[in-house]
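One structure below.
Every number for a ligand or one of its atoms is a count from 1 in the order of the listing. Numbering starts at 1 and runs along the sequence shown.
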Amino acid sequence: MRFLFGRVLYGLISTPYLRNKIVITYLVMVIKNKPKCRLHHWDISNIHLFELHQGTRRHQEISNIHLSGLHRGTEHLEHPFIQVISRREAITELLIIAAPSLPCLVAAPSSMAGSNPSSSVQEMGSKAEVPEGYIHKQRDRGAPDAPLMQASVIDIGLLSASPNSGPELEKLRHGLQTWGCILGINHGMSPEFLEDVRHVIKQFFSCPMEEKLKYSMEEAEIEGYGNDKVLSDTQILDWNHRLFLTLFPEESRRVKHWPSNPHRFREVIDEYSANMRVVCEKILKAMGRSLDLEENSFVEQFGERFELAARFNFYPPCPNPDLVLGAKPHADVSAITVLLQDEQVEGLQFLKGDEWFNASILPDALLVLVGDQVEIASNGIFKSPVHRVLTNSKSERISLAVFYVPDSKKEVGPLETLIDETQPRSYKPVKNLVDLYFEYYQRGRRPIETARI
Ligand SMILES: O=C(O)CCC(=O)C(=O)O
Ligand SMILES: [Fe+2]
């Protein structure tokens, strides 16, 4: 062990009452000679856990333990905690040792087992081995050498130019029916602006952890910085960390989660958000027209108080990318999703039939995906595609997904004009499908299952 015991800060936890889960809720600083020193943040990569072998006084380091820790400043937290989930049958006692630079912790039992802290994989990029909690079973792993999908490239500017829009609308319909997504060009944003957007995202994720922690998602929230909520100890974590923000309506924004570092983040993302409103509306209207519907058919169903929510994804390089997934297979529960992909690094794959395809990258294009709620409203004419993200060992990857989410009070069901004897109603009307998303995602299920007739 590399630590000098004289300087090491340590705590002890006894857990005779919990089978394989420990939630540490009390942090008592026992920094030698500095008992009142402030606790800035956790660095779980620097915390070592040892199983105590009673009687022998020998400690054995636990390597197959998954630490799902909260990386967050404690300044604004009353009850910071770290959750330890072990895949061992039972843990009896643990010795927790933190590096000298860190404050140490003494743990006390709590009733919070099973709650859901976020975790971060940032430091894992530099580790030689993939922690167990991220490793997928053989059958669920991905292969990067998949065939390339042939997404249609659609000129968004042509979609609304009424008299001449016919061929482009036909291409849109065909593209969406074939792959569930299209690449949109001529969307009104310059390549320089998109470069700016990617730049502020990369700058944010490359900030020191302490800075990012200022925007951490809180326990019961989905907004903010973090990773998957941990809902069960069998859950496999994504090799990814994220920032989740509501962009629109503006009064729903939670400004405390909006990074002020880099200083241009807010301004750039605010402008991107305004562009997203325009792009989404154009696409949804064009989707309606491509099915010979009144152009407002979809937007009216989804309501004036729709939401735009943004997920900024960061996938660190992984020492053994074959074992993990950046994002598990899922379909988006939105009406549509507009994805700004990394301009260089691949990783996104789409499922068609039972074969995975690599997404095409066109650096200045937006990838527009059909979400579950357009699948329902179109009575299944457009299908929401299942997709996943692979990682790699060399390059980090970013993406920005903007979800157009129908008003939670609006009922979404198949448009009456799309139902007849040849196309009977395939879905029940649903409300607020998004509420099911996170739990279903972790269980490898799709919220749309609840709407199928
Ligand atoms: O990173 C990507 O390319 C896709 C991300 C994604 O599917 C999502 O955020 O829902
Ligand atoms: Fe997605």
Side-chain angles (χ1 to χ4, degrees), residues 118 121 142 144 146 148-149 151 179-184 194 197-198 201-202 204-205 217 222-229 237-247 269 272 276 280 307-318 321 324-352 356-363 365-375 383-392 395-405 433-434 436-438 440-442 444-448:
S118 50
V121 293
L148 195 63
M149 72 188 281
W179 288 100
C181 64
I182 54 104
L183 283 162
L194 294 185
V197 174
R198 291 186 178 109
I201 298 172
K202 286 178 189 167
F204 169 70
F205 283 110
M217 69 180 59
I222 54 162
E223 275 192 61
Y225 172 70
N227 193 343
D228 291 337
K229 299 280 182 196
L237 298 174
D238 288 344
W239 194 265
N240 156 317
H241 50 150
R242 317 181 172 111
L243 175 69
F244 199 91
L245 299 177
T246 298
L247 304 180
I269 299 306
Y272 190 74
M276 282 300 102
C280 287
E307 264 193 22
L308 290 181
R311 186 150 68 202
F312 303 79
N313 295 298
F314 178 82
Y315 307 91
C318 176
V324 307
L325 288 175
K328 290 184 266 298
H330 68 280
D332 294 344
V333 76
S334 54
I336 54 171
T337 303
V338 179
L339 188 71
L340 180 66
Q341 291 198 79
D342 197 292
E343 72 275 47
Q344 279 177 338
V345 185
E346 288 183 347
L348 178 61
Q349 293 191 328
F350 283 85
L351 187 65
K352 188 165 162 53
W356 287 99
F357 290 81
N358 285 328
S360 339
I361 297 186
L362 196 56
L366 301 170
L367 190 66
V368 181
L369 282 73
V370 171
D372 288 352
Q373 312 220 33
V374 158
E375 176 168 336
K383 294 265 184 334
S384 154
V386 172
H387 51 286
R388 69 180 180 188
V389 181
L390 307 189
T391 57
N392 71 80
S395 318
E396 59 192 43
R397 176 176 183 275
I398 57 140
S399 69
L400 167 53
V402 173
F403 306 100
Y404 182 109
V405 180
L433 203 59
V434 176
L436 299 179
Y437 179 75
F438 293 96
Y440 275 57
Y441 175 77
Q442 298 303 352
R445 294 183 55 196
R446 295 185 54 185
I448 200 169

Contacts table for ligand 1: protein N or O within a distance under 3.5 Å of ligand N or O, distances only.
unit_1	atom_1	unit_2	atom_2	d
ligand 1	1 (O)	Tyr315	OH	2.6
ligand 1	1 (O)	Arg397	NH1	3.0
ligand 1	1 (O)	Ser399	OG	2.6
ligand 1	3 (O)	Arg397	NH1	3.3
ligand 1	3 (O)	Arg397	NH2	2.9
ligand 1	7 (O)	His330	NE2	3.1
ligand 1	7 (O)	His387	NE2	3.0
ligand 1	9 (O)	Arg311	NE	3.2
ligand 1	9 (O)	Arg311	NH2	3.1
ligand 1	9 (O)	Asn313	ND2	3.1
ligand 1	10 (O)	Arg311	NH2	2.9
ligand 1	10 (O)	His330	NE2	3.2
ligand 1	10 (O)	Asp332	OD1	3.4

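Using cut-offs of 30° and 60° on the angle between ring planes, the pair Phe205 and Phe314 is parallel.
Not less than 6.0 angstrom separates the ring centroid of Tyr440 from the ring centroid of His330.
Judged purely by atom type and a 3.5 angstrom limit, Tyr441 uses its side chain to pair as donor or acceptor with the backbone of Lys328. The backbone N or O of Ala146 sits nowhere less than 3.5 Å from a side-chain atom of Gln349 that would complete a donor-acceptor pair. Counting only distance, with no hydrogens or angles, the side chain of Glu223 and the backbone of Leu245 share no donor-acceptor pair below 3.5 Å. Within the 3.5 Å criterion, the main-chain N or O of Val345 finds a donor-acceptor partner in the side chain of Arg397.
Shown are the protein N/O/S atoms under 2.8 Å from the Fe ion (ligand 2), given by residue and atom: His330 NE2, Asp332 OD1, His387 NE2.
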side-chain contact (heavy atoms from CB on, under 4.5 Å) between Leu194 and Tyr272, intermediate numbers included:
CA-CA 9 Å; Leu194 294 185; Tyr272 190 74; 4.1 Å; yes

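Lys202 and Glu343 are joined by a salt bridge, as a carboxylate oxygen and a charged side-chain nitrogen come within less than 4.0 angstrom of each other. In summary, Arg446 and Asp372 engage in a salt bridge, as defined by a charged side-chain N under 4.0 Å from a carboxylate O.
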